[in-house]
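See below for the structure under consideration.
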Amino acid sequence: MSWISAQFGFHCELVEHTPLRLSAQEVRSWQVMIASVSPEIREPGVQQPQRGGHLVLVYGVDNGVVRFHNLSGYSHNSDSASLPLRVFERFHANRGMLIRATS
């Protein structure tokens, strides 16, 4: 986080032990979240995925839908993916990093 702050001038805040439905309240047009999720998020039908081990960029949460970039996803769901919040939370490790511009 200090490297991101020094290199790009962003403010970073670690979020741990926090369900996405709570930390997502901080995701706005000026603040995003790097979320730790299971790599199995590429296959949303997986019922009991592991949690964590993979990072995605959450850029929007509204009306019960999480919008995120999963750059190592499959071509049809990597650039701009979305899942219902309840599905995303199955994969989420309840940790991440909130990032926002300082000016």
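Just so it is clear, the values below take in all heavy atoms, side chains as well, and ignore hydrogens, waters and symmetry mates.
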Taking distance alone, no hydrogens or angles, what donor-acceptor pairs closer than 3.5 Å link side-chain atoms of residues 13-21 to residues at least two apart or in another chain?
from	atom 1	to	atom 2	distance (Å)
T18	OG1	E16	O	2.8
R21	NH1	E89	OE2	3.4

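Counting heavy atoms from C-beta on, the side chains of Q47 and R90 come closer than 4.5 Å. Put simply, the side chain of V58 reaches to within 4.5 Å of the side chain of V66, judged on heavy atoms. In this structure, S80 and Y59 have side chains that are in contact, with non-hydrogen atoms separated by less than 4.5 Å. Here the side chains of F68 and V37 are not in contact, with every heavy-atom distance at 4.5 Å or above. Taking the side chain as every heavy atom from C-beta outward, R42 and H54 approach each other to under 4.5 Å. L98 places none of its side-chain heavy atoms less than 4.5 Å from the side chain of V32.
Here the straight-line distance linking atom CG of N70 with atom OG of S82 works out to 12.0 Å at 0.5 Å rounding. One distance of note links CZ of R67 with CZ of F88; it measures 12.5 Å at 0.5 Å rounding. For the atom pair CE (M97) and CG (L57), the distance works out to 10.0 Å, reported to the nearest 0.5 Å. To the nearest 0.5 Å, the span separating CG on L85 from CG on N63 amounts to 11.5 Å. Residue I4 holds its CD1 atom at 5.0 Å from CD1 of I34, rounded to the nearest 0.5 Å. Rounding to the nearest 0.5 Å places SG of C12 at 9.5 Å from CD of Q31.
Partners of S36 according to the side chain to side chain donor-acceptor pair (under 3.5 Å) rule, which considers only residues two or more places apart in sequence or in another chain, do not exist here. Remark: R51 engages no residue in a salt bridge (Lys or Arg N to Asp or Glu O under 4.0 Å) (not counting sequence neighbours).
Annotation for A24 and V61: closest pair CB-CG2, 3.6 Å, computed over non-hydrogen atoms. Closest heavy-atom contact between H11 and T102: N-CG2, 3.6 Å. In terms of heavy atoms, G52 sits closest to R95 at CA-NH2, 4.1 Å. When all heavy atoms of V27 and G60 are compared, the pair lying nearest together is CG1-N, 3.7 Å.
Two different hydrophobic clusters hold V65 and V87 under the rule that ILVMFWY side chains link at heavy-atom gaps under 4.5 Å.
Between F10 and F8, the two ring planes are parallel [angle under 30°; tilted spans 30° to 60°].
With hydrogens and angles disregarded, a donor-acceptor distance shorter than 3.5 Å links the side chain of E40 to the backbone of Q50.
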